[in-house]
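Below is one structure, written out as structure tokens; the observations come after it.
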Amino acid sequence: MGEVTVVAPAKLTVSLRMTGMRDDGYHLIDAEMVSLDLADELTFGDGDGLELVGAPPGLDGPADDNLVRRALRAVGRTAHVRVVKRIPVGGGLGGGSADAAAVLRWAGVDDLALAASLGADVPFCVRGGRAQATGIGEVLDPLPFVERTYTLVVPPFGCSTPAVYKAWDEMGSPRAEGPNDLEPAALAVEPRLAAWRDRLGDATGEVPVLAGSGSTWFVPGAFPGEGRIVARTIPAYA
């Protein structure tokens, strides 16, 4: 089939309100999500295999668990996939979901139910752009594209999403003062986040916001500097 390259843009959760819980234990959300020009790159070729470039050791995981492999099985396709990782791992920017969505777009599959079976963030990553995500993240209402610039800081550690949600439940399901209801729970689970928040806030004069369940902090505007990523929103690509 020859080689085909597909970009896999990062997802930034700009705001996150928790709205309830399903009977199966999944939390319901109301979130604004945008795509960024920070992106992984997947190259599909003949064969059957997965090659990761620029990823921490072990990220490819067990043969059946990696999202790229799961997405290939879901669409009934086989390929050798080379993934160049540029989205920081473990920062809550949807890198794995973006890669899975890239597989679906390469295969010409726009089935959001199938995408949701791979993960709650995958449907947004299939469509991209800017959207309001409800349900567990799989119900999308497109929003008009707005050009925005954000400065991100990704700590050298991740946050366990299940642990953050559990802490939020145990804290009595609080509504945060800022735009992210999970921020207090994430700080309780991973207190080291506070130092990274304060560092970004002191450097920019802005109030940092946690991206989803963490661990990335972001502020509006461009503030280049060591350890920071300046990223811009991009329109929908599907």
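All of these numbers come straight from a predicted model, not from anything done at the bench.
- Between W217 and V209 there is no side-chain heavy-atom pair separated by less than 4.5 Å.
- In plain terms, the two heavy atoms of D37 and A231 that are nearest each other are OD1-CA, 3.5 Å.
- Across all non-hydrogen atoms, the minimal contact from V164 to C159 is CG2-CB, 4.3 Å.
- A distance-only check finds no donor-acceptor pair linking the side chain of T13 to the backbone of G212 [under 3.5 Å].
- Relative ring orientation between W106 and F44 is described as parallel, the plane-to-plane angle staying below 30° on a 0-90° scale split at 30° and 60°.
- To the nearest 0.5 Å, atom CG of residue L52 and atom CG of residue N66 are 6.5 Å apart.
- If you take CE on M33 and CG on D121, they are separated by 5.0 Å, rounding to the nearest 0.5 Å.
- Residues L152 and I87 share a single hydrophobic cluster, defined by chaining ILVMFWY side chains whose heavy atoms lie under 4.5 Å apart.
- D99 contributes atom CG, which lies 12.5 Å from atom CZ of R69 (distance to the nearest 0.5 angstrom).
- Judged by the 6.0 Å and 45° rule, R232 forms no cation-pi pair with Y150.
- To the nearest 0.5 angstrom, L182 atom CG is 8.0 Å from L210 atom CG.
- Side-chain heavy atoms closer than 4.5 Å link hydrophobic residues (I, L, V, M, F, W, Y) into clusters, and following such links, even through other members, never connects L93 to I234.
- The shortest side-chain heavy-atom distance between V83 and V53 does not fall under the 4.5 Å cut-off.
- The hydrophobic cluster containing V4 also contains L72, counting ILVMFWY residues as joined when their side-chain heavy atoms lie under 4.5 angstrom apart, directly or transitively.
- Linking ILVMFWY side-chain heavy atoms closer than 4.5 Å, directly or via other members, places L112 and I136 in two distinct hydrophobic clusters.
- Residues passing the salt bridge (Lys or Arg N to Asp or Glu O under 4.0 Å) test with R130 are E32, sequence neighbours excluded.
- At least one donor-acceptor pair closer than 3.5 Å links the side chain of T204 to the backbone N or O of L200.
- Atom-to-atom distance recorded for K11:NZ and S97:OG is 6.5 Å, nearest 0.5 angstrom.
- In this structure a side-chain-to-backbone donor-acceptor pair under 3.5 Å is present from S215 to F157.
- The two residues G94 and C125 have their closest heavy-atom pair at O-SG, 4.4 Å.
- Panel note: side chain T19, backbone D30; no donor-acceptor pair is recorded below 3.5 Å.
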- [ ] In sequence, state the C-alpha distance, the side-chain angles, and the governing distance for R148 and V14, and then conclude on side-chain contact (heavy atoms from CB on, under 4.5 Å).
- [x] CA-CA 11 Å; R148 294 175 181 164; V14 177; 4.3 Å; yes
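- Across all non-hydrogen atoms, the minimal contact from A194 to L187 is N-CD2, 3.7 Å.
- Atom NE2 of residue H27 and atom NZ of residue K166 lie 11.5 Å apart, to the nearest 0.5 angstrom.
- Hydrophobic cluster membership differs between L16 and V154, with clusters built from Ile, Leu, Val, Met, Phe, Trp and Tyr side chains linked at under 4.5 angstrom.
- Counting only heavy atoms from C-beta outward, the side chains of T151 and F218 never approach each other to under 4.5 Å.
- Across all non-hydrogen atoms, the minimal contact from F145 to P235 is CE1-N, 3.5 Å.
- Across all their heavy atoms, I29 and Y165 have their closest contact at CG2-OH, 4.1 Å.
- Judged by distance alone, with hydrogens and angles left aside, the side-chain atoms of E206 form no donor-acceptor pair with the main-chain N or O of P208 at under 3.5 Å.
- No donor-acceptor distance shorter than 3.5 angstrom exists from the side chain of D48 to the backbone of T78, with no hydrogens or angles considered.
- Around atom CG of D23, no more than 12 heavy atoms belonging to other residues, nucleotides or ligands sit under 6.0 Å away.
- Residues D110 and R105 are not paired through a salt bridge, judged by the lack of any N-O separation under 4.0 Å between the basic side chain and the carboxylate.
- Applying the ring-ring contact (aromatic ring centres under 6.0 Å, His included) rule to F223 yields no partners; only residues at least two apart in sequence or on another chain are considered.
- Taking 4.5 Å as the limit, every side-chain heavy atom of P9 sits out of range of all side-chain heavy atoms of L36.
- In this structure, the side chains of V103 and L42 come closer than 4.5 Å at one or more pairs of heavy atoms.
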Open item on the list: Go through it in stages, so that I can follow the logic: the residues are L104 and L114, the test is side-chain contact (heavy atoms from CB on, under 4.5 Å), and I'd like the CA-CA distance, side-chain angles, deciding distance and then a yes or no.
Closed with: CA-CA 9 Å; L104 270 60; L114 185 147; 3.8 Å; yes
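- Taking the charged nitrogens against the carboxylate oxygens, D40 and R86 have no contact shorter than 4.0 Å, which rules out a salt bridge.
- Between the side chain of R228 and the backbone N or O of P224, at least one donor-acceptor pair lies under 3.5 Å.
- Here the side chains of R17 and R175 are in contact, with some heavy-atom distance below 4.5 Å.
- D181 places a side-chain N or O within donor-acceptor distance of the main-chain N or O of A176, the cut-off being under 3.5 Å.
- Between the T5 side chain and the E41 main chain, no donor and acceptor come within less than 3.5 Å of each other.
- For R82, the salt bridge (Lys or Arg N to Asp or Glu O under 4.0 Å) partners at least two apart in sequence or on another chain are E51.
- Between the side chain of E170 and the backbone N or O of W168, no donor-acceptor pair lies under 3.5 Å.
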